[in-house]
Amino acid sequence: MAYWLMKSEPDEFSFDDLKNRPEQTEPWDGVRNYQARNFMRDAMQDGDEVFFYHSNCDIPGIVGIARVRGETRPDHTAFDPDDKHFDPKSDPDKPRWYLRDIQYVRPLARTISLKELKDHAEALQDFALVRRGNRLSVMPVDAQHWDYILGLE
DNA sequence: GCCAACGTTGGC
DNA sequence: GCCAACGTTGGC
């Protein structure tokens with residue numbers, strides 16, 4: 001069992017949007033970064049837990065917990081010329097981009113903001129999210145960091 | 001809206 | 001394989 005953090009812009013897809021999905025599950029499509037793809041395709045396991053992070057908004061931070069559901073599969077949006085994440089270099093016979101399905105678990109009692117996380121720099125050393133210049137949208141979370149952050153809730 | 005950080009592209 | 005140009009991310 002591993003832990004992850006996944007970013008989403010709430011204007012695009014928020015944690016409430018996930019909650020309101022018919023099966024509270026959403027394919028995490030549109031990721032076009034190789035490192036993030038490799039985490040989703042190769043490292044995630046069915047049942048892994050995920051911090052749901054809101055980026056590019058008033059208070060960037062962790063707002064809820066989700067869960068990885070099922071195995072990896074090709075990101076279908078890469079094949080659709082009308083999709084904003086269309087990638088002509090991704091061939092359905094040899095897909096370049098993969099996704100996971102993410103299921104709602106529960107909201108945090110309160111948002112744990114990026115600012116607050118940065119205030120715990122010592123305990124959260126080497127946590128990718130608080131490293132300078134971090135732009136990765138899918139990243140692993142160490143078990144001790146996961147527990148520490150939930151301890152702030 | 002600004003801009004630093006960083007990933008990708010493509011000419012050479 | 002190098003690296004300048006360019007595009008994107010995302011905090012502020």
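Just so it is clear, the structure is predicted and the values come from calculations on it, not from any experiment. The sequence lines fix the lettering, A, B, ..., with proteins before strands; numbering per chain opens at 1. Note that these values count all heavy atoms, side chains included, but never hydrogens, waters or copies made by symmetry.
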What distance separates A:Ile65 CD1 from A:Glu49 CD, expressed to the nearest 0.5 Å?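 If I round to the nearest 0.5 Å, the distance is 6.0 Å.
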Rounded to the Å, how far apart are [X] [atom1] and [N] [atom2]?
X	N	atom1	atom2	result
A:Asp58	B:dG1	CG	P	15 Å
A:His54	C:dG11	NE2	C1'	16 Å
A:Lys84	C:dT8	NZ	P	11 Å
A:Trp97	B:dG7	CH2	P	13 Å
A:Glu116	C:dC12	CD	P	14 Å
A:Gln35	B:dG7	CD	C1'	10 Å
A:Arg32	B:dC6	CZ	C1'	19 Å

Would you call A:Arg69-A:Glu23 a salt bridge at under 4.0 Å N-O?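 The answer is no: the pair does not qualify as a salt bridge.
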Short N-O contact, A:Lys115 and A:Asp119, less than 4.0 angstrom: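 A salt bridge is present here (some side-chain N lies under 4.0 Å from a carboxylate O).
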Donor-acceptor contact below 3.5 Å, side chain A:Gln24 vs main chain A:Lys19: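 Indeed, once roles are kept as given, a pair shorter than 3.5 Å links the two residues.
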So, OP1 or OP2 of [N]: does either fall under 4.0 Å of a side-chain N or O from [X]?
X	N	answer
A:Tyr53	C:dG11	yes
A:Lys7	C:dG10	yes
A:Lys118	C:dC12	yes

For a side-chain hydrogen bond (donor to acceptor under 3.5 Å, both in side chains) check, start with the C-alpha distance between A:Thr77 and A:Asp80, then their side-chain angles and the critical distance, and finish with the verdict. CA-CA 5 Å; A:Thr77 65; A:Asp80 177 2; over 6 Å; no
A:Lys89 near the nucleic acid: base, sugar-phosphate alone, or nothing, with a heavy-atom cut-off under 4.0 Å?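 Here A:Lys89 touches the backbone only, sparing every base.
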Examine A:Phe52 together with A:Trp4 and report whether their ring centres are nearer than 6.0 Å.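 Distance test on ring centres: not under 6.0 Å, no.
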Positive for salt bridge (Lys or Arg N to Asp or Glu O under 4.0 Å) with A:Asp75, one of A:Arg96, A:Arg41, A:Arg32, A:Arg37: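 It is A:Arg32; the other options fail the test.
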Near DNA chain B, which residues from residues 129-141 of chain A have a heavy atom under 4.0 Å away?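 Those residues whose heavy atoms fall under 4.0 Å from DNA chain B, taken from residues 129-141 of chain A in numerical order, are A:Arg132, A:Gly133, A:Arg135.
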